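Notes for the one structure printed next.
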Amino acid sequence: MQGDPIPSVKFPNGTEVPALGLGTWAIGEDAGYAKMEIESLMAGIDLGMTLIDTAEMYGDGGAEEIVGQAIRGRRDEVFLVSKVYPWNASLKGTVEACEHSLERLGTDRIDLYLLHWRGNHPLAETVAAFEMLKASGKIGAWGVSNFDTDDMEELLRVPDGANVAANQVLYNLSRRGIEYDLLPWCQSRGIPIMAYSPMEQGHILHHPELIHIAKAYQATPAQLALAFLLERDGVIAIPKTSNAERVAENRDCVSLEITDEDWQALDAAFPPPAMKKPLEML
């Protein structure tokens, strides 16, 4: 099954990345799991899941250190995403936070650097710092996380705000609120959505209808949940697991060919939004 290629998503600057990447939320928190975490990331890279998402927040920098070890000697194979805390996102603070992330990652550049969520620093200041980092080659592009439609519209009014390359938000079968306005807004502008917690931290995997439909395809509920996201244009799913076998299972979701009838059954079990909802976060 792993012969099927992973679909790709294109960023505004033309860079293409796999629509199925690797998340690192909650790794780097316990040294006893470090070896397993590194091996799972390396397995994902081997399988073509070469986008790795991390943040200075995860494990208080520990996740970035794990990623750094996993990509040692193969930096050019990987598309690295990291994030700055909102309280660090001043002009000076953003640059300093990026330097610290680069040090932990053991690299001289981050491919995509995100503002983790909105804070008290003016967007114009954060964007100016991002543009400085981009000009110096320390980041390839910048984006945001946990921004709703009105936040994105405000961002575009800021000098250089139109250079935003991505928006990372909570999106999965049970959290479909962005489909009402944010997802189409981003799709129409060619701004990819990165879907974090694509399996709702495992909670949706026990849903009877998801289990029922997955069984019909000899698939796991996790594979079906990921296939749902990969079906959407411009969406990148970043599941996290510290188990190399589970990484391979996740990779196989690209081979699923779900019928229209079964997509409709999933819509009935996990209804799309009928009205605007506030952006959800974890």
Side-chain angles (χ1 to χ4, degrees), residues 6 9 17-29 33 37 40-41 44 49 51-60 62-64 66-67 79-86 112 114-118 143-149 151 166-180 182-183 186 191-207 209-211 214 219-232 234-243 246-247 249-251 253-254 266 269-273 277-282:
I6 300 174
V9 170
V17 299
L20 185 65
L22 300 164
T24 63
W25 191 4
I27 78 165
E29 297 180 354
Y33 293 105
E37 291 166 347
S40 70
L41 290 171
M49 299 161 70
L51 182 147
I52 302 179
D53 175 80
T54 190
E56 66 173 341
M57 171 182 150
Y58 302 163
D60 197 22
E64 289 179 324
I66 292 288
V67 171
F79 187 92
L80 267 186
V81 185
S82 196
K83 311 179 197 72
V84 57
Y85 270 126
L112 178 65
L114 309 179
L115 173 61
H116 211 146
W117 64 90
R118 288 200 69 169
V144 293
S145 182
N146 297 301
F147 270 45
D148 208 344
T149 313
D151 298 308
N167 185 11
Q168 184 176 132
V169 295
L170 176 61
Y171 182 33
N172 58 51
L173 272 168
S174 67
R175 309 270 197 162
R176 298 181 62 175
I178 70 164
E179 293 177 10
Y180 188 79
L182 178 60
L183 179 58
C186 288
I191 301 171
I193 286 283
M194 296 182 68
Y196 74 78
S197 290
M199 303 170 207
E200 190 67 10
Q201 297 181 300
H203 296 309
I204 60 173
L205 304 184
H206 307 289
H207 192 286
E209 187 65 7
L210 189 65
I211 293 169
T220 66
Q223 289 171 333
L224 185 55
L226 291 172
F228 163 81
L229 293 171
L230 266 57
E231 186 77 3
R232 271 92 189 126
V235 173
I236 301 163
I238 45 171
K240 173 261 170 184
T241 178
S242 299
N243 182 312
R246 194 65 48 78
V247 171
E249 270 183 19
N250 290 343
R251 167 67 172 82
C253 76
V254 304
L266 278 175
F270 301 95
K277 297 179 177 180
L279 185 69
E280 297 179 285
M281 291 175 59
L282 282 181

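Since we're looking at a predicted model, the values are computed, not measured.
Across all their heavy atoms, Pro18 and Ile236 have their closest contact at O-CG2, 3.8 Å.
For Glu231, there are no salt bridge (charged side-chain N to carboxylate O under 4.0 Å, His left out) partners at least two apart in sequence or on another chain. Remark: Glu56 engages no residue in a salt bridge (charged side-chain N to carboxylate O under 4.0 Å, His left out) (not counting sequence neighbours). In terms of the ring-ring contact (aromatic ring centres under 6.0 Å, His included) criterion, residue partners of Phe270 (sequence neighbours excluded) are, by chain and number, His207. Listed by chain and residue number, Trp87 satisfy the ring-ring contact (aromatic ring centres under 6.0 Å, His included) test with Tyr85 (two or more places apart in sequence, or in another chain). With sequence neighbours excluded, no residue forms a salt bridge (charged side-chain N to carboxylate O under 4.0 Å, His left out) with Lys240. With sequence neighbours left out, the side-chain contact (heavy atoms from CB on, under 4.5 Å) criterion links Pro271 to no other residue.
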**OP:** Starting from the C-alpha separation in whole Å, work towards a yes-or-no answer on side-chain contact (heavy atoms from CB on, under 4.5 Å) for Leu22 and Asp53.
**Re:** CA-CA 6 Å; Leu22 300 164; Asp53 175 80; over 6 Å; no
Original post:
Can you list the steps and then say if Val81 with Thr54 is a side-chain contact (heavy atoms from CB on, under 4.5 Å)?
Top reply: CA-CA 6 Å; Val81 185; Thr54 190; over 6 Å; no
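Here the side chains of His116 and Gln168 are not in contact, with every heavy-atom distance at 4.5 Å or above. With a 4.5 Å cut-off on side-chain heavy atoms, Val17 and Leu112 do not count as touching.
Using modelled atom types and a 3.5 Å distance limit, the side chains of Asn243 and Thr241 yield no donor-acceptor pair. Of the N and O atoms on the side chains of Tyr171 and Glu280, not one donor lies less than 3.5 Å from an acceptor on the other residue.
By the neighbour-count criterion of 12 heavy atoms within 6.0 Å, atom CZ of Arg176 is densely surrounded, having more than that number from other residues, nucleotides or ligands.
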